[in-house]
Amino acid sequence: MPRYAVTGLDRDALTQARIARGLTQEDLAIKLNVATNTVRNWETGRGNPMPNTFALLLRVLNISRSELLLEAEDALDALADYRRRAGLSQREAAGATGLPWHRLREIERGVRVATTIEAQTIAGAYGIAADDVTTANQRLHSYRHNEQT
């Protein structure tokens, strides 16, 4: 599984949502333009959708992120996790925030500390609180700083 896939997918919730809408795995796969086996893998925990497919999955099933993701938010330790859960690639997030792609990348990697305005902008695009952006960014920045000393 690629490391940039959406993590924390609740496979039981996905199966229930699909069935509630009267869709087979094949029906859902066709709507998402993926293989039926791909949907089967998501539902059995052997794979996770890519951010753009996850965003389409939410629209097709007409549900929110929180309905398909597990509650274990403590597993989120990086801004990239929040971005993927929002169904955005890094370039899409840069477009949504209006930040240059390289700046967003530096913030996500902890190379750069986000300003208050950047944190608020990122939070809006990712659908989270600005404090969560700041905390994740500062945690990674501190880790990078301590690793270099």
Side-chain angles (χ1 to χ4, degrees), residues 1-11 13-15 17-18 21 23 28-149:
M1 174 177 59
R3 57 178 233 194
Y4 46 85
V6 172
T7 57
L9 185 67
D10 184 337
R11 64 185 188 213
L14 172 58
T15 303
R18 175 183 56 77
R21 274 123 192 113
L23 299 172
L28 183 57
I30 290 168
K31 289 180 179 291
L32 299 175
N33 197 29
V34 298
T36 302
N37 197 45
T38 299
V39 173
R40 186 174 301 114
N41 286 340
W42 297 340
E43 291 186 0
T44 58
R46 289 188 303 253
N48 289 311
M50 301 303 288
N52 58 344
T53 306
F54 182 70
L56 180 58
L57 176 65
L58 296 176
R59 288 192 300 273
V60 166
L61 295 176
N62 194 30
I63 57 178
S64 68
R65 288 188 312 255
S66 63
E67 292 176 82
L68 271 191
L69 297 174
L70 297 170
E71 296 296 319
E73 292 294 322
D74 54 336
L76 295 173
D77 59 357
L79 284 175
D81 293 323
Y82 287 117
R83 174 178 44 76
R84 286 188 288 270
R85 283 188 169 219
L88 298 170
S89 70
Q90 199 170 58
R91 290 206 185 262
E92 290 168 336
T97 60
L99 294 172
W101 173 76
H102 67 277
R103 181 175 298 156
L104 181 62
R105 182 184 64 204
E106 290 172 348
I107 291 169
E108 280 193 356
R109 292 180 177 176
V111 172
R112 174 188 180 89
V113 175
T115 67
T116 302
I117 293 172
E118 288 170 336
Q120 291 169 343
T121 303
I122 292 168
Y126 294 7
I128 60 174
D131 286 345
D132 292 336
V133 172
T134 301
T135 299
N137 175 240
Q138 288 178 345
R139 182 179 28 222
L140 189 52
H141 182 75
S142 294
Y143 173 78
R144 282 184 161 280
H145 179 72
N146 291 335
E147 187 178 72
Q148 292 174 355
T149 56

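None of these values were measured; they are calculated from a predicted model.
Between the CG atom in D132 and the CG atom in L79 there is a gap of 9.5 Å [rounded to 0.5 Å]. Here CG of D81 is found 9.0 Å from CD of E108. Values are rounded to the nearest 0.5 Å. Of the inter-residue distances, the one linking L68 atom CG with L57 atom CG reads 5.5 Å to the nearest 0.5 angstrom. Between R84 atom CZ and N52 atom CG the span is 13.0 Å, to the nearest 0.5 Å. Taking NE2 from H141 and OG1 from T134, the interatomic distance works out to 13.0 Å, rounded to the nearest 0.5 Å. The CZ atom of R112 sits 10.5 Å away from atom CG of L104, with the distance rounded to the nearest 0.5 Å.
By the salt bridge (Lys or Arg N to Asp or Glu O under 4.0 Å) test, R103 pairs with E118, sequence neighbours left out. Legend: residues meeting side chain to side chain donor-acceptor pair (under 3.5 Å) with E92, ordered by chain and number and at least two apart, are S89. Under the rule for a side chain to side chain donor-acceptor pair (under 3.5 Å), the partners of S64 that lie at least two apart in sequence or sit in another chain are S66, E67. Taking the side chain to side chain contact (heavy atoms under 4.5 Å, CB included) definition, one finds that R105 meets it with Q90, W101, H102, R109, sequence neighbours left out. For N41, the side chain to side chain donor-acceptor pair (under 3.5 Å) criterion is met by R46, not counting sequence neighbours. Under the side chain to side chain donor-acceptor pair (under 3.5 Å) criterion, R18 pairs with E43, not counting sequence neighbours.
Shown here for A114 and N137, the closest heavy-atom pair between the two residues is N-OD1, 2.8 Å. Across all their heavy atoms, A94 and P100 have their closest contact at CB-C, 4.4 Å. Nearest heavy-atom pair across K31 and L56 is O-CD2, 3.9 Å. Considering every non-hydrogen atom in both L140 and G110, the closest pair reads CD2-N, 3.6 Å. Heavy atoms only, all atoms of each residue included: V6 and N48 are closest at O-CB, 2.9 Å. The two atoms that bring A129 and A123 nearest to each other are C-CB, 3.7 Å, heavy atoms only.
L58 is listed as a side-chain neighbour of I63, based on a closest heavy-atom distance under 4.5 Å. When side chains are defined from C-beta on, L28 counts as touching L61, because their heavy atoms get closer than 4.5 Å. Looking only at side-chain heavy atoms (C-beta outward), E106 and L99 stay at 4.5 Å or farther from each other. Counting heavy atoms from C-beta outward, T38 and L32 have side chains that stay 4.5 Å or more apart. Within the 4.5 Å cutoff, side-chain heavy atoms of T53 are placed close to those of W42. Counting heavy atoms from C-beta outward, L69 and F54 have side chains that approach closer than 4.5 Å.
Under the 3.5 Å distance criterion, the side-chain polar atoms of R11 are matched with a main-chain donor or acceptor of T44.
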